[in-house]
Amino acid sequence: MIRLIQLLLSLSFLVMIHELGHFTFARIFGVRVNKFYMFFNPRISLFRMKKYGGKWHFRFFAPNVKENQKVALDKDGNPLLWENDSDPKIRKKFAKAEPLTDAQWKEIENDFNFGKPLAKHEGHPKFTIIDESDLPLLADDDWRKYPETTEWGIGWIPLGGYCAIAGMVDETTTADQLGSQPKPWEYRAQSTWKRLPIICGGVLVNFVAALIIYSAILFHWGTDSLPLKNATYGLYFSDELLSEGFRQGDMILKVGDREPQTRADLLNWMVIDGIHDITVLRQNDTVHLTLSDNFDQIVLAAGGSSFIDYRFPFVVGEIIPASPAAIALMEKGDSIVAVGSVVTPCYQDVVAELSHYACDSVMISLYRNGEPTVVNLFLGDEAKMGVYPLSPTDFLTMEHREYGFWESIPEGCKYGWNTLVSYVKQFRLVFTPQGAKSLGGFAAIGSLFPPLWDWHSFWLMTAFLSIILAFMNIIPIPGLDGGHVMFLLWEMITGKKPNDKFIEIANNIGFYLLLALLIFANGNDLIKWLAKLFS
């Protein structure tokens, strides 16, 4: 639940500032913004407000009304219906000679989801555009009468948000909803050099926000790192790396001609950059290894970045009452050196070996106050002793660095830029077989947050997600900001603006592609969860 709250809070914040980027540049260039919503609001909104007549007006749980559409009427004032009606009841309902009353207009709104673009169903009313001459005819409390101000609101599906810019074909507006002639306050009436910053405003704000957050993190918390040079007990390698020739306790000296400083360097250089020439220190010998050509796929298939870890002893820190360890009279400070007949010099060895003794008894060899001793434990189905071991930082030296205010700004910008470059390099792996399988949805993103609330981790992850949101949105796929940029660049180069209907169709195709990707990614999460559940 804590992870879910962090995910929703982080994404809501990032979507809000992204849409505020579009909003700000639109208002700078005098373009109206019809609606600004946090979360999506199909059919109904939890809350909405709009300022007109010098004061704010509020509505709660109100059905949606499109701000620029009305039912099309014939010369006699009757609603125009789609022809070849197959439902005489609907035709009869609206075949009235007299002008429509307010109650009848309300009935149309309720029965046909007024303002929502409808498929050409026989018998349904047609819609047309509200123009300036219609505004005085609207009721004073009809918010459509005041198109010059923005409607602000909160939807009920907490998966994003949107900024409906007047005169722009996007997920909120179709080509049919635009009038034949652009108005001076519409997006489509602006020059390309004005429309481009309006489109890029969201991406720009997300990237700048990430740099600001990183700088603030460095200023407030500084950095804590565990350099590879401080790995006193050597490194612990996954089975996949052991098959590549590594041995437990090896120290990696070089990746290619680079000297790694942290584990992050190893991940970036060996997996993302694809450097396969490795130099390791094995006891007192220097050994050269060459990784497999498909090493990145091997790591992805294994599940990511935990393929290398720091080794440290398993020393008991705290004992849980009534646990197997408490029953066996283990004590704080016990240092475990063997499980059964297998020597376990480090924490990871102990955990790996204990997993073989679920619902079984096992002899644990340990040192207590410098003296060897043996205890017998009966483990439960989770194969855990019921102790909290000392952390790696109790044995390995961390390095902390503080940053002054002015120093944190360039360092934060550098960190943010390097994060973006690294993510762009990683993106190519999505198009590989194992990369596609490892693609995750909301559950995968949520799992990146810690299970306990920690502001440092929250803001660090929020800055990272802001980088991802900026990059993903600028990809030239219709429906994303990058798709609009692509059409604008085409217009700049050729001097010809793509047809609004073409943009609408392209956006719809892009939307369904993105929806398919979303389903695929979250399907991967579901498959992984089921595999873990039944393993």
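Along the sequence shown, residues carry numbers from 1.
- For the residue pair Thr393 and Ser391, a side-chain donor N or O sits within less than 3.5 Å of a side-chain acceptor on the partner.
- Classification of the Tyr162-Tyr37 ring pair by plane angle, with boundaries at 30° and 60°, yields parallel.
- With Arg428 contributing its side chain and Ile272 its backbone, the two residues share a donor-acceptor pair below 3.5 Å.
- Considering OG1 of Thr419 and NZ of Lys414, their distance stands at 12.0 Å, rounded to 0.5 Å.
- Ionic pairing of Arg263 and Asp309 is present here: one or more N-O contacts between side-chain nitrogen and carboxylate oxygen are shorter than 4.0 angstrom.
- Other residues, nucleotides and ligands contribute over 12 non-hydrogen atoms within 6.0 Å of the CZ atom of Phe58.
- Asp454 places a side-chain N or O within 3.5 Å of a backbone atom of Ser457 that can act as its donor or acceptor partner.
- Between Ile28 and Phe23 there is no side-chain heavy-atom pair separated by less than 4.5 Å.
- The existence of a salt bridge linking Glu504 and Lys501 is confirmed by a sub-4.0 Å separation between a basic side-chain nitrogen and an acidic carboxylate oxygen.
- Between the side chain of Ser422 and the backbone N or O of Asn418, no donor-acceptor pair lies under 3.5 Å.
- Between the side chain of His456 and the backbone N or O of Trp221 there is no donor-acceptor pair closer than 3.5 Å.
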When you look at Ile199 and Tyr187, which way does the side-chain contact (heavy atoms from CB on, under 4.5 Å) test go after all the steps? CA-CA 10 Å; Ile199 290 299; Tyr187 168 85; 3.4 Å; yes

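- With contacts defined as side-chain heavy-atom distances shorter than 4.5 Å, the pair Leu218/Tyr214 does not qualify.
- Within the cation-pi definition used here (under 6.0 Å to the ring centroid, within 45° of the axis), Arg43 does not qualify as a partner of Trp156.
- Asp481 and His22 share a side-chain donor-acceptor pair at under 3.5 Å.
- Glu148 and Lys51 are not joined by a salt bridge, as no carboxylate oxygen comes within less than 4.0 angstrom of a charged side-chain nitrogen.
- For Ser408, there are no side chain to side chain donor-acceptor pair (under 3.5 Å) partners two or more places apart in sequence or in a different chain.
- Remark: the Arg48 side chain and the Ser45 side chain contain an N/O donor-acceptor pair separated by less than 3.5 Å.
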